[in-house]
Amino acid sequence: MISLNKKKFYITTAIAYLNGKPHMGHALEIIQADCLSRFYRLFDEGLVFQTGADEHGMKILNTAQEKGIEVTELLNENYQAFIDFYNLLNISFDKYVRTTSKIHKDGASKLWKTLVDNGDIYKGTYNGLYCIGCEAYKTYNELIENKCPNHPNREIITLKEDNYFFKLSKYIDKLIKIYDNDEIEIIPKRRKAEILNILKEELDDISFSRQKEKMPWGIPVPGDDKHVMYVWADALSNYITNIGYEFSPKEFKSIWPADIHLIGKDIIKFHAIYWPAILLSAGLELPKKLFIHGFLTVEGLKIGKSIGNVSDPLILLEKYGVPIFRFYLLKNIPTYDDGSFSENDLIQIYNNVLADDLGNLVLRILTFIEKDFDLHYPPLFSLSVEDKEYIKEFNFIDELKGFFNDFQINKALDRIWEFVKLTNKFINDRKPWELKKNNNNKGYSTLLYVLLEGLRIISIYLKPFIPSISERILNLIGKDKEYNFNDIDFNPDFKDKINKKEVLFPKIEIKMESKEEKEIDNNITYEDFQKLDIRIAIIETVEKVENADKLYKLSVDLGYEKRIIVAGLAEYYTIEELKGKKITLLTNLKPRKIRGILSQGMLLAADDGKLVSILIPDKNVDLGSKIQ
RNA sequence: AGGGGUGUGGUCUAGCUUGGUGGAAGACGUCGGUUUCAUGUGCCGGAAAACUUGGGUUCAAAUCCCAACACCUCUACCA
């Protein structure tokens, strides 16, 4: 029953930063959002699912410059990559917002003006750490011993810059009340305390604009074209700009407020504090729920460009296909916490869950139909007691709804799987092959009809998770209707044709030689070894690193050059033991900041788990001697 | 550095908000049995083993508090 005036259910994801290509983390969030959307759509109510792209930001400019291309070129390239990615993953988004679009810019401008009218935006000065060498602001974290890593010899100065600010502080008390009263529901609940903690800290007003020359393609601040909007005004507003905030009050009213903002745990503060404050100022309704998901680690390692293990989802997708990828992420990754992605687990889930439980179930039922009913629906006679009991188990929509409302997607899937297993057990208990042998043709026929209904029910339930598989099963049992939760009841009227049985999930052979391959990979050539520039150096001075128990800061002399390195030796060597020692040093290791100190090399040492021993030359070779 | 979060069997996860149904659960793996319609599948059963560590509160702690360790996250923009 769709009522025209009824507000639509509105789900959003965070918009993706178009600085790079999609990775595993993006896949997780968008698949979760898609699953939520498809689930709520099964209730036959209007729904809007929006995702999009953040196309402003200094890093985009930097990346474009590094690649030597125009910003727009980079953006369009990455935009296309994301769209292709979403299409491949079968993502059913209704709206896609680009922050460079006119609609968005107009909306953001309107929002800005509204905040100005309400007296919440003012001009102030922003104090930033500025590197003269880079001609750019630096964050505290980027600095190494208070110096810019790229220009260690140049000064970092505090630079004042005119900026517009938003009066966040004005809304703190209101926000505390809002969370105390659960006006915005935070899921998982434990994160609520986290938010209240942040609110009770000192929160300054937030900087709301940047000088235009830094981001020339940004959204101009209304009435001051020397400034462009900063991320809070620009990006967060996507949730309203694209659904008619500026251009269609009617559409806007039918969609806003958001029912669910799905976000990652790193952007809680922006969505739980900044965004509601902005909405309060603009006099708009607040979103109803924030679903906060964890992060993915891949084979135990964090996903991140810096580590370089952004294991490419596209390769996995090509290898295994979309359904298993979705199924695995939704089943095995907890929604409340971090989860770990493992290719091996994915194969296990595929073989042991999808193939053994579901694939086999479909196959075993269809085999009977193909053999004994010439691919037609078996005639339905009176239902047995057992049949009726089984049919009673069809409807567990409310349980699923409970799980979904609490963002427990994996639990919902587990519940559905209970039904899949129940169906397998039901077959075992009823033994259709014996009914047939005993010439109980009516019972046999009726049972199979009921089982086909079971498959139809399973398909409907699986729609949000693996839509393509759901469709395939329905197609096998001769159904092409767009089912929803109104169709969960037992339907005694089917007479259509059934299609030939089919193995839905051919097993994946686990290749045992993968280990051998790895061993071969572990062999390196002499040329590989020569890439390592290992030399003899002498330790000149040693000092403890502040606030670090295990670290020493060493200055070493290579004969031709002196270096500062950081080594985790404090638990194993005293300062005196190290001073003056000749050591082996990997000199061309990429320098890395450790506890604020740039370590320009790595001291080689042996570690057996208990003891650590530095490697020292057996004879008195010259400083700078190369090890080969 | 400072704020916050998390830490459960071989593996992946429930449970923690509001302490007690716990001799800690489920799935996968493993072992045994059994069935045959089906993809060495299904079903039944067993074994084994774990709440990071150390304190504290309590009649009672996986759950609340404190500390240590590890990982994650935020502190002007990587889910």
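Note that these values count all heavy atoms, side chains included, but never hydrogens, waters or copies made by symmetry. As the structure is a prediction and not an experimental result, all values here were calculated from the model.
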How many whole angstroms separate atom [atom1] of [X] from atom [atom2] of [N]?
X: A:L196; N: B:G3; atom1: CG; atom2: P; answer: 18 Å
X: A:D338; N: B:G4; atom1: CG; atom2: P; answer: 18 Å
X: A:Y336; N: B:U13; atom1: OH; atom2: P; answer: 15 Å
X: A:L413; N: B:G26; atom1: CG; atom2: P; answer: 19 Å
X: A:K59; N: B:A79; atom1: NZ; atom2: C1'; answer: 13 Å
X: A:I268; N: B:G4; atom1: CD1; atom2: C1'; answer: 9 Å
X: A:I369; N: B:A38; atom1: CD1; atom2: C1'; answer: 13 Å
X: A:M58; N: B:C77; atom1: CE; atom2: C1'; answer: 11 Å

Requested in this report: Starting from Watson-Crick (N1-N3 plus N6-O4 or O6-N4) and G-U wobble pairs under 3.5 Å, report the runs of at least three that RNA chain B belongs to.
Outcome: B:1-7 with B:69-75, B:10-13 with B:25-28, B:30-34 with B:42-46, B:52-56 with B:64-68

Query raised in the report: OP1 or OP2 of B:G15 less than 4.0 angstrom from a side-chain nitrogen or oxygen of A:K411, does that happen here?
Result: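 Checking A:K411 against B:G15: at least one side-chain N or O falls below 4.0 Å of OP1 or OP2.
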
Query raised in the report: Just to confirm, is there a sub-4.0 Å distance from OP1 or OP2 of B:C44 to any side-chain nitrogen or oxygen of A:K425?
Result: yes

Query raised in the report: Passes salt bridge (charged side-chain N to carboxylate O under 4.0 Å, His left out), A:K21 versus A:D84? Steps please.
Result: CA-CA 11 Å; A:K21 299 269 190 287; A:D84 292 346; over 6 Å; no

Report task. Please figure out whether A:Q408 or A:A16 has its closest RNA chain B nucleotide nearer the 5' end. Result ->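 Between the two, 5'-proximity favours A:Q408.
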
Query - Residue met sooner reading RNA chain B from 5', once A:L422 and A:Y230 are mapped to nucleotides - result: A:L422

Nearest-neighbour nucleotide for the [X] side chain, [options] considered:
X: A:R190; options: B:A79, B:C37, B:G5; value: B:G5
X: A:N332; options: B:A79, B:U6, B:C12; value: B:C12
X: A:P334; options: B:U11, B:A14, B:A38; value: B:A14
X: A:V231; options: B:U11, B:A79, B:C77; value: B:C77
X: A:W433; options: B:A79, B:C37, B:U39; value: B:C37
X: A:Y17; options: B:U39, B:A14, B:C77; value: B:C77
X: A:D345; options: B:C12, B:U39, B:U75; value: B:C12
X: A:D266; options: B:C74, B:G15, B:C43; value: B:C74

Polar atom pairs (N or O), protein with nucleotides 27-30 of chain B, under 3.5 Å:
| from | atom 1 | to | atom 2 | distance (Å) |
| --- | --- | --- | --- | --- |
| B:C28 | OP1 | A:K421 | NZ | 3.4 |
| B:C28 | O3' | A:N352 | ND2 | 3.1 |
| B:G29 | OP1 | A:N352 | OD1 | 3.3 |

Touch check for [X], heavy atoms < 4.0 angstrom, all strands: base, sugar-phosphate only, or nothing?
X: A:T367; value: sugar-phosphate
X: A:H293; value: sugar-phosphate
X: A:K371; value: sugar-phosphate
X: A:G20; value: nothing
X: A:D429; value: nothing

Query raised in the report: Do we see a donor-acceptor contact under 3.5 Å between the side chains of A:H104 and A:T99?
Result: no

Query raised in the report: Would A:H261 and A:T12 count as having a side-chain donor-acceptor pair, cut-off 3.5 Å?
Result: yes

Under the salt bridge (charged side-chain N to carboxylate O under 4.0 Å, His left out) test, residues paired with [X] that sit two or more places apart:
X: A:K212; value: none
X: A:K289; value: none
X: A:K331; value: A:D414
X: A:R191; value: A:E194

Query raised in the report: Below 4.5 Å, heavy atoms only, C-beta onward: do A:W217 and A:H56 meet side chain to side chain?
Result: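 Yes, close enough: below the 4.5 Å cut-off.
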
Please give the distance between the [atom1] atoms of [N] and [M] as a whole number of Å.
N: B:C12; M: B:C74; atom1: C1'; value: 28 Å
N: B:A50; M: B:A25; atom1: C1'; value: 12 Å
N: B:G45; M: B:U8; atom1: C1'; value: 26 Å
N: B:A1; M: B:G10; atom1: P; value: 32 Å
N: B:U53; M: B:U6; atom1: C1'; value: 16 Å
N: B:A68; M: B:U30; atom1: C1'; value: 36 Å
N: B:U73; M: B:A67; atom1: P; value: 23 Å
N: B:A60; M: B:U21; atom1: C1'; value: 14 Å

Query raised in the report: With a 4.0 Å cut-off, would you call A:R415 and A:E418 a salt bridge?
Result: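 Yes.
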
**Report entry** Results of side-chain contact (heavy atoms from CB on, under 4.5 Å) for A:Y122 - residues two or more places apart only
**Finding:** A:F165, A:K167, A:D205

**Report entry** Contacts of A:Y230 that satisfy ring-ring contact (aromatic ring centres under 6.0 Å, His included) - sequence neighbours left out
**Finding:** A:W232

**Report entry** Polar pair under 3.5 Å, donor/acceptor by atom type, side chain A:N360, base B:A38
**Finding:** yes

Name each donor-acceptor pair under 3.5 Å that joins a side chain in residues 425-433 of chain A to protein atoms two or more places apart or in another chain, with its distance.
| from | atom 1 | to | atom 2 | distance (Å) |
| --- | --- | --- | --- | --- |
| A:N428 | OD1 | A:R364 | NH2 | 3.2 |
| A:R430 | NH1 | A:S384 | OG | 3.0 |
| A:R430 | NH1 | A:D387 | OD1 | 2.6 |

Query raised in the report: Hey, is A:F295 stacking on B:A79? Ring centres under 5.5 Å, planes under 30°.
Result: yes

Query raised in the report: Is A:R98 close enough and on-axis enough to A:Y79, meaning under 6.0 Å and within 45°, for cation-pi?
Result: yes

